[in-house]
Amino acid sequence: MTQSLKIPYNRLIQIDKTSSTPVYMQIANQFSNAIQRNIIPIDTKLPGSRKLAELLAVNRNTIIAAFDELTTQGWLVSYPNQGTYVQQKKNQVQTKSNAFSAVTAYDFQVDNRLDLPNHQHSCTYFFTDGTSDIRLGLQEELAAIFSANLKRKQHFKYFDPHNPKQQISYAKQVVNYLNVTRNIQAKPANLLIAQSTTTALYLCVKLLLQTGDHVAIAAYSDYRSNAILQQTGAHLHAIPINQEGLDLHALERICQQTPIRLFYVMVNHQYPTTLTLGIQQRMKLLQLAQQYNFILLEDDSNFDFHYNSNPPLPLVSSDATGRVIYLSSIGKSIASDFTTGVILAPENLINELEKHKALVEENKNHFTTHALTELIEEGILFRHQVKVNKIYKERRDYFCHLLQQLFGDQIQFTIPEGDLAIWVTFNTPVNLMRVRTLCLLHDLYIPTTLLYQSKNLTGIRLGFAHLTLEEMDCCLTIFHQACME
């Protein structure tokens, strides 16, 4: 049954008081026309005569007369103590003149590689691939910043897209934050700010890659980045993953045979395995990039989530040749609305990327930008990151304890030094799609994108940071039971 209050009757019914047609007939005619065009669907319960008279600013008796006319014509039916409903008029031929066509009248290219999964669900419990807990966000601090700024007489400046001062200040604060936390010596001219790291990756590959180019990626990686890279028409070469992180000997063999244009790599917290490249491998990777003349596109989205005192620094901090493009994010520990993607690269590339960004993305989140500027400038964001990392470290340790307690030697995993998820592999094959289905029946949702299953691998990436300790107990108990059935 259609909810009548969702239908904008006050805009749908227009009354012309200068017309010679009685008002009740104008209402009846426009109602019947809307019913025929399916704007007011069959079985819709109409508002009461008082409510409709109030909406249309007419006398209630006028609505009663219009309803009587529509009932006589067969458009409406009234049920005692239930209300008045739209009904299918006998011998009525429903017109669909207002409906959209099911298909276009023209051809266009369909790219099945971009069929990304839908993660909507109604389960109480769920796993992610590693997301922060928005319940730990800076709600009070943000409320104070928003309230204070809105009360200022010049608050309209925060929404002015032609005021460059705010963007300049924001860029300076972001660069300062990145330089301090990642030991980088960048300037605002080396920075491009995007809505997310996914957008940042998209901008880079659209500029740097052409159809037929050769791109190296890790054997296991994120479905979003794979879809973006494949969409360029590039040939992808999978580099095996080993206990050290990446098999760089395999990469070198490929480079000797094929002109690699770009290597999309995560040296910190590789997705999905959470492995981190050692110092010697990092230096070897930089040397290979220079020797074989390829671009290193370094994705370091989760750098801020590290649980040791000295996190490993990104490749870009050791690059003096202008060969590394650095992608990362800030604000991820607050909430998704404040998560911001960043690109650090030589100035000439940033200038060109800015042109491409201007075509697809405008700087509209001026108030959010100002709030983030204050959070960074006052040191609030840094202190918050330190605080939540302590909580996430506790959650990581408890999550790993539960995994070991429930599964024992049935699985293997390494406690990651950072990141927001655990990479788990099974020692004996388990049908992960069946496990997922069983979990759904017990109110636990697992996205298909967390599952990695092949002839030689049964693995799953399980995010822990968004779960409390009690929620972990419930999620892993359900998951374990599903694996054992």
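Not measured: the values here are computed from a predicted model.
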For Thr128, all residues meeting side-chain hydrogen bond (donor to acceptor under 3.5 Å, both in side chains), sequence neighbours excluded: Thr131
Listed partners of Thr124 passing side-chain hydrogen bond (donor to acceptor under 3.5 Å, both in side chains), at least two apart: Asp443
Quick one: [atom1] on [X] to [atom2] on [Y], what's the gap to the nearest 0.5 Å?
{"X": "Phe67", "Y": "Trp75", "atom1": "CZ", "atom2": "CH2", "result": "15.0 Å"}
{"X": "Leu402", "Y": "Ile422", "atom1": "CG", "atom2": "CD1", "result": "11.5 Å"}
{"X": "Asn29", "Y": "Leu70", "atom1": "CG", "atom2": "CG", "result": "8.5 Å"}
{"X": "Gln481", "Y": "Cys439", "atom1": "CD", "atom2": "SG", "result": "9.0 Å"}
{"X": "Gln231", "Y": "Leu209", "atom1": "CD", "atom2": "CG", "result": "11.0 Å"}
{"X": "Asp43", "Y": "Gln87", "atom1": "CG", "atom2": "CD", "result": "9.5 Å"}

Candidate pair Tyr452 and Trp423, rule side chain to side chain contact (heavy atoms under 4.5 Å, CB included), full reasoning: CA-CA 10 Å; Tyr452 292 78; Trp423 171 245; 3.6 Å; yes
Check: Tyr445 ring centroid to Tyr125 ring centroid under 6.0 Å: no
With a cut-off of 6.0 Å (strictly less than), are more than 12 heavy atoms of other residues, nucleotides or ligands near [atom1] of [X]?
{"X": "Glu140", "atom1": "CD", "value": "no"}
{"X": "His442", "atom1": "NE2", "value": "no"}
{"X": "Tyr202", "atom1": "OH", "value": "no"}
{"X": "Ile134", "atom1": "CD1", "value": "no"}
{"X": "Arg50", "atom1": "CZ", "value": "no"}

Candidate pair Arg395 and Leu467, rule side chain to side chain contact (heavy atoms under 4.5 Å, CB included), full reasoning: CA-CA 8 Å; Arg395 293 183 179 183; Leu467 300 170; 5.8 Å; no
Under 3.5 Å, is there a donor on one side chain and an acceptor on the other for [X] and [Y]?
{"X": "Tyr326", "Y": "Arg182", "value": "yes"}
{"X": "Asn389", "Y": "Gln385", "value": "yes"}
{"X": "Thr198", "Y": "Arg224", "value": "no"}

Glu141 with Lys387: basic N within carboxylate O range, under 4.0 Å: no
Side chain to side chain contact (heavy atoms under 4.5 Å, CB included) partners of Ala171, counting only residues at least two apart: Pro188, Leu191
Full working for side chain to side chain contact (heavy atoms under 4.5 Å, CB included) between Tyr85 and Ser78: CA-CA 6 Å; Tyr85 295 81; Ser78 295; over 6 Å; no
Aromatic plane relationship, Tyr392 with Phe305 - under 30° parallel, 30 to 60° tilted, over 60° perpendicular: tilted
Parallel, tilted or perpendicular: ring planes of His121 versus Phe126, cut at 30 and 60 degrees: tilted
side-chain hydrogen bond (donor to acceptor under 3.5 Å, both in side chains), paired with Asp419, selected from Arg396, Arg461, His269, His306: Arg461
